[in-house]
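Inspection log for the structure reproduced underneath, given as structure tokens.
Given the structure is predicted, the values throughout are model-derived calculations rather than measurements.
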Amino acid sequence: MNQISSAPAPRPRSEGRQDQAPWRAAALPAAALLLPLLLLGANAWVGWQAAWRGAATELSRTADAAAEYATRVLAGYAFALGRIGDLVRGLPDAGITAREAELHAELHRILADLPQAEAGFVIDRHGYPLLGANIFPIPRGVPTAVDRSFFLALSGPNPPALHVSEVYRNKWDGTPFFALSRRRVGAGNGLPEGEFDGLINVSVFPDTIGEGMRYLLREADDALSLATVAGVVIGRTGGLPMARSQSTRPLPDGIDRELLPDVTSIVDGRQQMIARRRIEGFPLYVAARRPHATIRAAWWRDQRAALLFGLPATLGLFLLALRVQRAQARLGAALDESEDWLRRTTEGAGIGTWESHRDRGTFVISAQCRRVAGLPPGRNSVNLAKVLALIPPAAQREITAMMATARRTGHARMELPIQRPRPGLPPEPAWLAVEAQCPEPGGAAAGRVVGIVYDITARRAAEERAALLLRRSVEQQEAERLRIARDLHDRLGQHLALLHLELGGLAADPAPAARAVRLQAIACAIGEEANRLAVELRPTAIDDLGLETALRQLVEEWGSRTGLGSEIHLRLHPGRLPLPVETTLYRILQEALSNVVKHAGATQVGVTLESSRYQLRMVIEDDGVGMRPGGRGAGPAALGLRGIRERLALLGGSLEIESAPGQGTTLLIGVPL
């Protein structure tokens with residue numbers, strides 16, 4: 001209307017309508033075409049920007065979640081390094097070697113709580129291992145670690161407090177691993193303070209960490225990697241390549257968070273967006289990656305509906321508003337999904353989380369924490385009195401002390417027993433490990449403490465079983481000593497008494513030659529009894545002739561003494577077995593042959609013994625009366641089998657029994673080497 005009213009000379013309405021009719025005819029279709037196209041174009045541009053911003057937000061949150069996950073996992077390894085250091089603190093190298101069996105068992109228990117850990121070692125200042133969690137005993141003449149990156153870094157000047165090595169490959173099966181290492185302190189070798197005196201390290205499976213981070217990925221083409229700040233990749237959700245290590249872009253000093261919108265992949269050369277986060281307390285960072293093609297495909301999926309089903313201008317405006325609303329909804333859903341993935345990852349690992357605010361008087365626990373403690377489902381905020389009611393008063397005092405320690409030093413840990421409620425059943429005893437961390441120890445925010453809780457009942461039960469086996473072993477030794485003492489008293493005592501009487505009557509005997517013959521026979525009997533008892537105490541044939549000859553002699557002597565038909569087949573790996581293994585095998589075969597003679601009613605017995613570098617297998621079979629399936633029951637035979645099981649348990653071995661009434665019995669024995 002403004003254009004018409006400002007025209008220089010008005011025209012008749014009929015003429016105006018006639019002149020404007022072609023313009024209106026062209027303008028309306030153009031407006032009907034151009035306005036939706038402009039709106040769709042604007043919507044596409046907004047969606048394009050939102051797709052890239054959303055990808056950046058999602059990658060940043062994925063990197064944050066991955067950094068938190070890696071921090072928790074690596075904190076367990078760093079804590080294990082501290083426990084290993086405390087285990088050998090004050091022990092010189094010779095002291096560690098002298099107590100290797102005891103320290104090996106304790107080191108194995110320390111690493112049992114770390115599913116990603118492959119091994120742990122204590123290495124002396126010359127690079128030779130002194131103690132290992134998965135090798136016992138440490139063989140002599142093994143290669144040194146002086147060429148490893150962690151040894152070079154920790155033995156040189158200005159060593160780091162914690163060193164993360166490059167990725168190595170296991171020489172047996174090619175499995176990749178990297179090592180977390182720190183200097184050994186307080187070794188007791190008499191070196192000046194601060195001088196390098198060896199190190200301790202834990203080897204970690206990077207592929208296992210990569211599998212754990214896989215659950216944090218949001219898109220099928222997304223990837224997460226773990227790398228040192230120098231740019232050496234040590235873990236990836238897609239697994240490490242066959243190359244020993246692979247370098248990527250280093251993380252600059254002073255940078256904790258970084259978003260790189262356009263980076264060329266070192267794996268496949270594709271353009272991608274990367275969000276990187278430094279892992280607090282470790283010289284590492286995580287990188288979340290998404291290819292540009294995935295972002296463009298997501299944008300295209302979002303735009304197809306608008307492009308294919310665009311409406312006129314009014315509908316286009318509505319779609320524009322709807323796009324903004326949908327973008328906001330996606331961002332909110334992304335936050336919810338990120339929190340949910342983090343929660344599922346934590347719960348999947350069996351870890352409950354909690355948070356305490358002393359100033360506010362609140363105590364918040366996760367659903368997994370409720371399950372671990374046996375609390376019924378409910379709100380996150382819980383009455384602290386309900387939790388303390390599960391804990392003995394002495395343990396409550398320990399928890400109070402642990403919280404105080406965490407507020408003062410920043411971290412504390414304890415293990416405590418509880419009576420875990422069960423619906424409709426009596427409470428069950430359980431053990432929990434509780435770790436507390438104060439973000440700002442000793443500061444104004446020291447009232448806030450966060451932590452984790454996880455169930456260690458199975459581990460404590462395993463420790464109790466090991467203690468029970470040890471007690472049974474001691475009881476068996478005492479019973480053996482008692483039996484030998486009785487034999488000395490009942491058998492040798494009789495012969496010695498008779499020898500005393502014969503010697504007393506020697507002076508008055510008119511026929512001293514005959515009495516001398518009797519004395520000689522008594523002395524021979526005493527010698528035979530003493531030799532038999534000595535053999536039972538310690539089979540010297542193992543030391544004198546070796547395990548193969550000792551076992552053959554044992555089977556042949558039993559066969560000749562009992563009239564039992566016997567065969568023995570031996571295929572042993574070159575080299576002597578550890579002495580405890582040889583002695584245990586000898587004793588097991590003695591017990592098994594004794595059972596066959598006393599209880600099986602057999603006419604034939606066969607023994608097969610095979611060994612490789614990693615496994616030993618013994619088979620003992622007879623053609624006797626057999627037993628019930630499972631080989632369990634009462635009586636002397638069952639007691640003998642229990643003794644065999646207990647001897648094998650001390651070596652980590654196993655016993656399987658195949659038997660049926662009237663079909664003989666076969667014992668299948670396996671021992672790891």
Once ring pair (Phe, Tyr, Trp, His ring centres under 6.0 Å) is applied, do any residues pair with [X], and if so which ones, sequence neighbours excluded?
| X | result |
| --- | --- |
| H108 | none |
| W431 | none |
| Y285 | none |

Next item on the list: Flag the pair Y77 / V204 as yes when at least one side-chain heavy-atom distance between them is below 4.5 Å, and no otherwise.
Entry: yes
Say you draw a straight line from [atom1] of [X] to [atom2] of [Y]; how long is it, rounded to the nearest 0.5 Å?
| X | Y | atom1 | atom2 | answer |
| --- | --- | --- | --- | --- |
| D197 | S155 | CG | OG | 12.0 Å |
| S225 | R276 | OG | CZ | 9.0 Å |
| T583 | L547 | OG1 | CG | 9.0 Å |
| E355 | I365 | CD | CD1 | 12.5 Å |
| I669 | S654 | CD1 | OG | 9.0 Å |
| L81 | L74 | CG | CG | 10.5 Å |

Smallest separation among heavy atoms of [X] and [Y], with atom names:
| X | Y | result |
| --- | --- | --- |
| E582 | L577 | OE2-N, 3.4 Å |
| R99 | L91 | NH1-CD2, 3.5 Å |
| A288 | L59 | CB-O, 3.6 Å |
| M273 | A55 | SD-C, 4.1 Å |
| V146 | F151 | CA-CD2, 3.5 Å |
| S611 | H573 | OG-N, 2.7 Å |

Notebook entry, point to check: Got more than 12 heavy atoms from elsewhere within 6.0 Å of CD, Q271?
Noted result: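 Yes.
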Item checked: Residue E195 excluded, over 12 heavy atoms near CD under 6.0 Å -> yes
Notebook entry, point to check: How about T264 and R270: does a side-chain donor come under 3.5 Å of a side-chain acceptor?
Noted result: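 Short answer, no.
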Margin query: Could you tell me if Y454 and Q368 have a donor-acceptor pair between their side chains, going purely by distance under 3.5 Å?
Written below: no
Checklist line | Pairs flagged by side chain to side chain donor-acceptor pair (under 3.5 Å) wherever residues 79-97 is involved - sequence neighbours left out | finding: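 Residue pairs passing side chain to side chain donor-acceptor pair (under 3.5 Å), neighbours aside: D86-R89, D93-R184, D93-N189.
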Checklist line | Sidechain N-carboxylate O distance under 4.0 Å for R277, D64 | finding: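 Counted as a salt bridge, because a side-chain N and a carboxylate O are separated by less than 4.0 Å.
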Checklist line | Cationic N near anionic O, under 4.0 Å, R420 to D455 | finding: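 Between D455 and R420 there is a salt bridge, with a charged N closer than 4.0 Å to a carboxylate O.
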Margin query: My understanding is that only one of L180, T228, L251, L162 makes a side-chain contact (heavy atoms from CB on, under 4.5 Å) with L284; could you say which?
Written below: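 Between L284 and the candidates, side-chain contact (heavy atoms from CB on, under 4.5 Å) is satisfied uniquely by T228.
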Next item on the list: Have a look at P129 and tell me which of I138, V122, I135, N201 forms a side-chain contact (heavy atoms from CB on, under 4.5 Å) with it.
Entry: I138
Check: According to the salt bridge (charged side-chain N to carboxylate O under 4.0 Å, His left out) rule, which pairs have a member within residues 282-291, sequence neighbours left out?
Finding: E58-R290, D222-R290
When you measure from the side chain of [X] to the backbone of [Y], do you find a donor-acceptor pair of N or O atoms at a distance under 3.5 Å?
| X | Y | value |
| --- | --- | --- |
| H411 | E435 | no |
| S181 | F150 | no |
| R278 | I255 | yes |

Next item on the list: Test R460 against E415 for salt bridge (Lys or Arg N to Asp or Glu O under 4.0 Å), laying out the working first.
Entry: CA-CA 10 Å; R460 293 296 294 245; E415 297 179 0; 2.9 Å; yes
Next item on the list: Hey, could you give me each pair passing ring pair (Phe, Tyr, Trp, His ring centres under 6.0 Å) that has a residue in residues 127-146? Not counting sequence neighbours.
Entry: H104-F136
Next item on the list: Apply side-chain contact (heavy atoms from CB on, under 4.5 Å) to I123 and I200, showing your working.
Entry: CA-CA 6 Å; I123 299 174; I200 55 177; over 6 Å; no
Item checked: Check against side-chain contact (heavy atoms from CB on, under 4.5 Å), V671 and Q615 -> CA-CA 6 Å; V671 177; Q615 180 76 18; 5.8 Å; no
